[in-house]
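Before any comments, here is the structure.
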Amino acid sequence: MKNPLIGIVILLFPIVIFAQNKSSVHKKAFDSIFFHTYMETATTDLNKALGVADSLYKTSKTNIFKVRSLMLISDIYHRKANRDSSIHYATIAEEIANDANIYTWQARISGVLSTQYRNMGLQKQGKVYLERGLEASKMIEDVNVANQFKGQVFQEKGCYALSEEQYNQAIRHFTTAQFFFKPLPQSQTRSSFLSQTEEQLGTAFLRLKKLDSAQLHYEKGLDLANLTSDGKTVFKGFIFLGLGEVYLAKKKYQKAIDNLDKALDISNSAGLPDFKANVYKTLAQYYKAIGNIDQYTTYNEQYLMVVQNSVKNNQHYADNIITKTEYKLKNIVLSRKVIFICALILMSLLLLKSSLIFKRMQKKEQQLYREMVKELKNPTGLILQKSTETPSLIPNRNVSDDRLMSKETETALLEQLKIFEQGEQYLQPNLTLPQLSVELHVNTKYLSYAINNHKGSDFNNYINRLRILYILKKLRECPEYLDYKIGYLSYECGFSSHSKFTATFKNVTGLTPSSFINQVRKEQNGE
């Protein structure tokens, strides 16, 4: 089972680090409200916690307080399974930290974004942000704060290792994190970090099936967690779940259900659908193990329901984006129809001058061909629909913006598409959106959104334009292609039919394949 803590480790704990100097009445009040909201309120009432966090932001007097408030809001949205809003507020906080040269928070927010990218399966991009955070940490003057962040970095590296099933390597990273945390001054923050690291070590040993070691680290983590709060915190829920798994594996069923019931109690009020799903799944395994099929069926159905609801929520959000995109595309199509009608009227007028039609058509073909030759030197224009404007990557500060993903994810995906365009995988006759999604390690919604918004067409048209670009280059660079039949050319570049190839060729170039070939021959003959 996937550790429910993976994916929020950097997101949660950077925001509870409090500076130890420049103490003031206002700062103490802020810290007190902040910590209670993060540790207690957000576990029992997410909407109330969001209201408190918003009030903290509105009353913040300094940039640091604003950044911390925004990161608390980001965390609450993360718990509500609203990744888009979570990244949105983290991005605003990042901009404030960058503008104000707050290096400590530049480093921490980079850690947050690293975690988000790792959760989305973009490991490479996530590690880029992790390294960016390390660079920012070099500018931190306070030794304790610098060590706190270094410890967090090794926690995050450990989480990467866990997600890659490199459990021994994960243990080494978590142990190194402890090395940086233990010398820190005694505080709730220090206890939180050490408690978290013990939980992570417990998870790594559990995956290695070293149950006694896993139990020892979970119990140490729980002792440390009790030093930070007497309440039912989400983090204690993670530990109870881990202990439940350990005792279940040891077949100590009473201790297993005692801990799982505690985890269930916390999950019912804490949000975090992934955590709740893992609790339900483990409870189902427990009841299956003791032979209670009714309870097994109940919790297994609840587990599936949580998973299905998460999928539906993501689908609903994606549907809103797609609907708006389709509306824009319809407007584009309508505009093209108007242009087409005007062209028909113009052609009707030209028919009155039949003696000039042939010459004008020849000139038009020559002009289109010359323009196409110029564009072949920089094929970006051929890949994009000419009437499509590439949307800005500048984040909209409005929470309810239309962005399906963060600007960093969008940029990384566009880089992957650029590499894809430079290869020849698009020549596969039956290439589909899901197949390309698997190749690029990204979900289909993200890929479809990127193609619609940055390539100006749907997936099929995008692939077909790449195929036409390929055959255009072949016709100009390989003379033998000029003698091939149109049917062969269509097969060569991945089209399933002669007619589809011809229609797409004309749509992309403005010329039929035969007209284009004639122009190439004239060029080679010096005409």
Side-chain angles (χ1 to χ4, degrees), residues 5 7-20 24 26-98 100 102 104-116 119 133 145 148-149 152 155 187-189 191-193 195-196 225 228-229 231-238 266 269-272 275 395 397 399 406:
L5 185 56
I8 61 173
V9 54
I10 294 296
L11 182 61
L12 298 183
F13 277 84
I15 63 177
V16 299
I17 302 174
F18 307 137
Q20 302 302 316
S24 67
H26 180 69
K27 179 183 179 301
K28 288 180 179 179
F30 182 97
D31 287 352
S32 177
I33 296 171
F34 186 104
F35 193 83
H36 185 269
T37 302
Y38 173 76
M39 296 297 294
E40 307 271 350
T41 309
T43 301
T44 58
D45 191 335
L46 285 173
N47 290 328
K48 181 179 178 180
L50 190 60
V52 174
D54 184 62
S55 296
L56 279 177
Y57 175 67
K58 290 178 179 177
T59 58
S60 292
K61 303 296 183 182
T62 67
N63 285 327
I64 289 180
F65 285 167
K66 289 179 180 178
V67 168
R68 288 173 59 189
S69 300
L70 287 167
M71 292 306 293
L72 179 57
I73 294 172
S74 174
D75 169 58
I76 295 170
Y77 273 116
H78 175 84
R79 299 189 193 203
K80 289 168 72 73
N82 188 336
R83 177 174 290 158
D84 185 69
S85 293
S86 178
I87 293 176
H88 174 78
Y89 281 103
T91 301
I92 297 175
E94 181 185 33
E95 292 176 357
I96 295 175
N98 289 341
I102 307 174
T104 301
W105 278 100
Q106 289 178 23
R108 294 170 188 168
I109 296 169
S110 292
V112 170
L113 294 174
S114 171
T115 299
Q116 291 285 14
N119 285 339
V145 175
Q148 287 168 355
F149 182 74
Q152 288 175 262
Q155 282 183 324
S187 66
Q188 287 180 314
T189 300
S191 297
S192 294
F193 277 121
S195 174
Q196 178 189 19
T228 65
S229 173
K232 300 175 182 178
T233 65
V234 173
F235 189 67
K236 289 181 183 179
F238 297 145
I266 293 174
S269 58
L272 292 174
F275 172 49
R397 291 178 182 252
V399 177
S406 70

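None of the values given here were measured: they were computed from a predicted structure.
Legend: residues meeting side-chain hydrogen bond (donor to acceptor under 3.5 Å, both in side chains) with Lys58, ordered by chain and number and at least two apart, are Asp54. By the side-chain hydrogen bond (donor to acceptor under 3.5 Å, both in side chains) test, Ser191 is found to be paired with no residue, residues two or more places apart in sequence or in another chain being considered.
Residue Ile73 holds its CD1 atom at 9.5 Å from NE2 of His88, rounded to the nearest 0.5 Å. To the nearest 0.5 Å, atom CG of residue Leu70 and atom CD of residue Glu94 are 12.0 Å apart. With rounding to the nearest 0.5 angstrom, the CG atom of Asp45 is 10.0 Å from the CG atom of Leu50. Atom CD1 in Ile96 sits 10.0 Å away from atom OG1 in Thr62 (nearest 0.5 Å). Taking OG1 of Thr41 as the reference point, atom CD1 of Ile33 lies at 10.0 Å (rounded to 0.5 Å).
Using a 4.5 Å heavy-atom cutoff, the side chains of Met71 and Trp105 are in contact. The side-chain heavy atoms of Phe235 and Ser192, taken from C-beta on, include no pair separated by under 4.5 Å.
When atom types are taken as modelled, the side chain of Ser32 and the backbone of Lys28 share no donor-acceptor pair closer than 3.5 angstrom. A donor-acceptor pair under 3.5 Å is formed between the side chain of Ser86 and the backbone N or O of Ser74. Checked by atom type and distance alone, the side chain of Gln106 pairs as donor or acceptor with a backbone atom of Ala97 at under 3.5 Å.
Put simply, the residue from Thr59, Thr37, Ile64, Leu56 that forms a side chain to side chain contact (heavy atoms under 4.5 Å, CB included) with Ser69 is Leu56.
Minimum interatomic distance between Ile87 and Ser406 (heavy atoms only, all atoms of both residues): CG2-CB, 3.2 Å. For Lys66 against Tyr57, the heavy-atom pair with the smallest separation is O-CD1, 3.8 Å. Scanning both residues, Val234 and Ile266, for their nearest heavy atoms gives CA-CG2, 4.0 Å. Taking each heavy atom of Asp31 and Arg68 in turn, the nearest pair found is OD1-NH2, 2.8 Å.
Using a 30° and 60° split on the angle between ring planes, Phe238 and Phe275 fall in the perpendicular class, above 60°.
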Does Val67 form a side-chain contact (heavy atoms from CB on, under 4.5 Å) with Ile109? I'd like the steps, not just the answer. CA-CA 10 Å; Val67 168; Ile109 296 169; 4.1 Å; yes

